[in-house]
Amino acid sequence: MTDHHLTASPETVHWGWFDARLAPALTIESGDRVVIESVSGGPQNLPPKGTVPPELLDIHARAERRQIGHILTGPVAVAGAEPGDMLEVRILNVAPRMDWGYTACRTLGGALPGEFEAAQIHSEIDIAARTARLPWGTELALAPFFGVMGVAPPPGWGEIPTIQPRAHGGNLDNKELGAGATLYLPVWAEGALFSCGDGHGIQGDGEVCLTAIETGLTGTFEFHLHKGKGWDYPRAETQTHLITMGMHEDLDTAMRDALRRMIDWVSAITDLSRTDAYMLMSLTGDMRITQVVNGEKGSHAMLAKSVLETLPGLKPALSV
């Protein structure tokens with residue numbers, strides 16, 4: 001295992017798009033660890049006070065912006081990764097690296113388009129205490145995670161915006177994917193080409209106004225390549241739960257897809273039939289709204305490992 005460090009700079013970020021043709025900012029071996037730094041926000045999001053990282057200003061001045069979307073650090077290529085494989089991304093640590101963050105809404109964006117005028121607030125972040133103070137005085141404990149974590153999309157998709165989450169991952173906005181979680185991403189292009197950004201200091205399920213506390217983060221990731229796994233959609237696990245996901249412009253469809261994927265996963269790693277797994281999810285599973293603001297809305301299904309461990313014929317979660 002080798003340790004790497006990838007900073008954010010005009011040479012190591014791509015602003016607004018995913019593309020299988022992107023050149024790697026770093027190439028690693030399976031099993032390596034990478035510390036990745038991210039920044040967040042355009043010139044219009046800079047705070048009235050706070051320390052603005054010089055690399056963010058440099059990115060504003062020099063980085064190409066191809067789509068309306070997020071500033072992502074990467075991509076990180078994993079040697080030997082090819083379509084049909086699966087990339088296991090262990091999220092070992094996530095920490096704030098900026099002493100401010102912003103939250104904004106747009107008139108025609110968010111869960112209630114047309115009901116609010118565009119607005120923006122800035123929060124003061126205490127990096128050491130891992131807290132954020134809102135302008136009206138409310139103090140919140142941070143629960144940081146990367147809103148965007150994804151690999152390159154299939155080459156045939158060409159260049160796509162970072163806004164919509166899809167089968168490559170991307171703008172998942174899933175608050176469960178903080179430190180200690182593991183994200184599993186299907187590989188669609190040579191090298192996998194993992195990128196991350198859209199740092200969130202804290203976010204509620206739904207992300208209803210369009211944004212979280214948007215800020216810069218430092219993440220420590222460990223990457224493991226699984227050859228020929230054949231998974232075709234992101235899934236995850238935390239220390240306590242299995243998580244499956246669905247993304248679609250229709251939230252009902254996203255929910256059904258996430259539920260079906262959990263039923264399939266449970267029936268594959270236990271002796272339960274799909275019917276039994278369906279009933280189990282009705283009793284002990286949870287269906288969550290991930291986000292409703294990215295065009296492709298998100299839902300995720302969660303099943304506690306404490307329940308999973310009671311099921312007959314249990315096999316490891318990666319055995320299928």
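Treat the numbers as computed from the prediction; the structure is a model and nothing was measured.
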Undergrad: For I289, I'd like to know if atom CD1 has over 12 heavy atoms of other residues, nucleotides or ligands within 6.0 Å.
TA: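 Open: at most 12 neighbouring heavy atoms sit under 6.0 Å from CD1 of I289.
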Undergrad: Is a salt bridge present between E82 and K227, judged by a nitrogen-to-oxygen distance below 4.0 Å?
TA: yes
Undergrad: Excluding sequence neighbours, so at least two apart, what forms salt bridge (Lys or Arg N to Asp or Glu O under 4.0 Å) with D286?
TA: R288
Undergrad: Check this for me: does any side-chain nitrogen of one of E55 and R97 sit under 4.0 Å from a carboxylate oxygen of the other?
TA: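 Salt bridge between E55 and R97, a charged N being under 4.0 Å from a carboxylate O: yes.
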Undergrad: When the ring planes of H168 and F18 are compared, do they come out parallel, tilted or perpendicular, using 30° and 60° as the limits?
TA: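 Answer is perpendicular, since the angle exceeds 60°.
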Undergrad: With side-chain contact (heavy atoms from CB on, under 4.5 Å) as the test, pick out the partner of P96 among T131, D126, I213, L142.
TA: L142
Undergrad: Would you mind checking if R133 and E124 are paired as a salt bridge, meaning a charged N to carboxylate O distance below 4.0 Å?
TA: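 Not counted as a salt bridge, because no side-chain N and carboxylate O are separated by less than 4.0 Å.
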Undergrad: Under the side-chain hydrogen bond (donor to acceptor under 3.5 Å, both in side chains) test, which residues partner T284, sequence neighbours left out?
TA: none
Undergrad: Using a 4.5 Å cut-off between side-chain heavy atoms of Ile, Leu, Val, Met, Phe, Trp and Tyr, which other residues end up in the same hydrophobic cluster as L311?
TA: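 Joined to L311, directly or through intermediates: M86, Y184, W231, L242, M255, L259, M262, I263, W265, V266, I269, L272, Y278, L280, M281, M287, L303, V307, L308, L314, L318, V320.
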Undergrad: Any donor and acceptor pair, going by atom type alone, linking the side chain of Q120 with main-chain N or O of Q44 inside 3.5 Å?
TA: yes
Undergrad: Checking the side chain of Q203 only, and the main-chain atoms of N174 only, is there a donor and an acceptor separated by less than 3.5 Å?
TA: no
Undergrad: When hydrophobic residues are tied together by side-chain contacts of less than 4.5 Å, even through go-betweens, does L22 share a cluster with V187?
TA: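 No, no single cluster joins them.
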